[in-house]
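Please read the structure below before turning to the comments.
Order of the sequence lines fixes the chain letters, A, B, ..., with proteins taken first and strands second; residue numbering starts at 1 for each chain.
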Amino acid sequence: MFRQGYILGFFLCCISFSLAAQYKIPEVPKVQTSIYDYYNLLSATEQTNLEQKLIRYSDSTSTQIVVVIIDSTKGELINYLGARWGEEWNIGQENKNNGILILLAKTDKKITISTGYGVEHLLTDAMSRRIIERDIIPYFKQNNYYGGLNRGTDAIFEVMLGAYKGSRISKQSEFPFEVAIFLFLIFLIFLIAISKNRRNGGPGGGSKNTLSDIIDVIILSNSGRGAYRRSSGGFGGRSSSGGGFSSGGFGGGFGGGSFGGGGASGGW
Amino acid sequence: MKKYLVPIIIVLLVVASLKWGVGVNNMLIEKRGNARVQWANVESSYQRRADLIPNLVATVKGYANHEKETLEAVIKARAEATKPEITIEKGAITPENMAQFQQAQQGLSGALSRLLVSVERYPELKADRSFLELQSQLEGTENRINVERNKFNTLAGNYNIIIEKIPTNVIANLRNFNEMPLFKSEKGSEIAPKVAF
């Protein structure tokens, strides 16, 4: 009896999954940045501009806005796909849930703004709809996709103004401390080296001493810099986004935000 | 020494199996708890929809007085879906409760979609700003319901699988961990009520 119910449940489950056509969401990318243009809709410059803008925004507010451009949702409701996508990629910070996903399906001529749980109260459904209709669609109608996305994200910035503050999430905060200690050590060695040279060198060897001083300085500073680089490399390896400071995507990657289906969609 | 060997082995076995049982029990409690929390999310997203309806009805009324029947059907379905008997208390997600809940909510979905279809006949209403906002809120809410329902099905489905698996099922039977009903998609229900632009 019990088992029968289970089997029945399983079948119903299967049916319900197969009924709703599901778009296959790509795996979470290794380099987690703000724009994924699977359709190659934007030119390289446009893409970089938008990407940098959104990364800077994420650096200062911790709110991650991600733009994804695909060909078609393959029959799935775009609202629903947007929410699933954001949830699967975990866009936004974990305890703030402040991720926003803009999903554009070029062939379907549809766009949706999906909001994480922590964004819903500001970027409400009605607000998302307004942004889509007033700021984005007019550009799209003239085939200016960059213009629409650029204006749309600006409008989102305005709505979200002051809601979240953030620092770039990475191991960066520990970094200066280590470097400071390291530089201090070098400085100490440097001092000792100089004082030793002074003591060893008798009168008359002045010019030779200055030369070796300079060589010491060069060697020391070089070795110092080498070590600095090495440690910075190690830091890069630890952080998931490759440690690039200006072009490595979001610091710390997607943060584990959750999506509950808020947002709106529109077509043109 | 030999005399004690057998009792010692038995004691060790008992202790080990007890420890295992407690671990499994706690794991099941956690899984069930997560599914129940998600159930609360499902209910609150349905509640959100119910909360939107009085506003919607008031707005539509202003423009479309001829739609009395449709409006009344919506009000009635809302009352049906927000009855206290319908809401499922924390522990009691039984198949009967679930069926009742789903039926009431589906009644409301149907009434709502009929209302939104009839609205098509009133261009002034369709241009009304507060109606447009309500419409997008409603649309978002339907999407939320979908998302939360699916999350619930995933969590409860996983829990259902685990309590059936050997050897976890031994503990599940002992401690009365029952199968949780899932949302079933009924005919056409995977398509959210059409909210026309």
Checklist outcome for this item: One should read off an interatomic distance between B/Phe131 CZ and B/Asn55 CG, to the nearest 0.5 angstrom, of 12.0 Å
Checklist outcome for this item: Assert top hit (heavy-atom pairs under 4.5 Å, partner chain B, pool A/Ala264, A/Gly263, A/Gly260) equals A/Gly260
Checklist entry - Yes or no on ring pair (Phe, Tyr, Trp, His ring centres under 6.0 Å) for A/Phe259 and A/Trp89, after CA distance, side-chain angles and deciding distance? => result CA-CA 10 Å; A/Phe259 282 63; A/Trp89 280 17; over 10 Å; no
Item to check | Part of A/Ser258 within contact of chain B (heavy atom distance under 4.5 Å) | outcome: side chain
Next on the checklist: Does the plane of the ring in A/Phe157 sit parallel, tilted or perpendicular to the ring in A/Tyr57? Use 30° and 60° as the thresholds.
Outcome noted: parallel
Checklist entry - Non-hydrogen atoms of chain A under 4.5 Å away: do they reach the side chain of B/Glu133, the backbone, both or neither? => result both
Checklist entry - Under the 3.5 angstrom rule, does the side chain of B/Arg78 hit a backbone N or O of B/Arg49 as a donor-acceptor pair? => result no
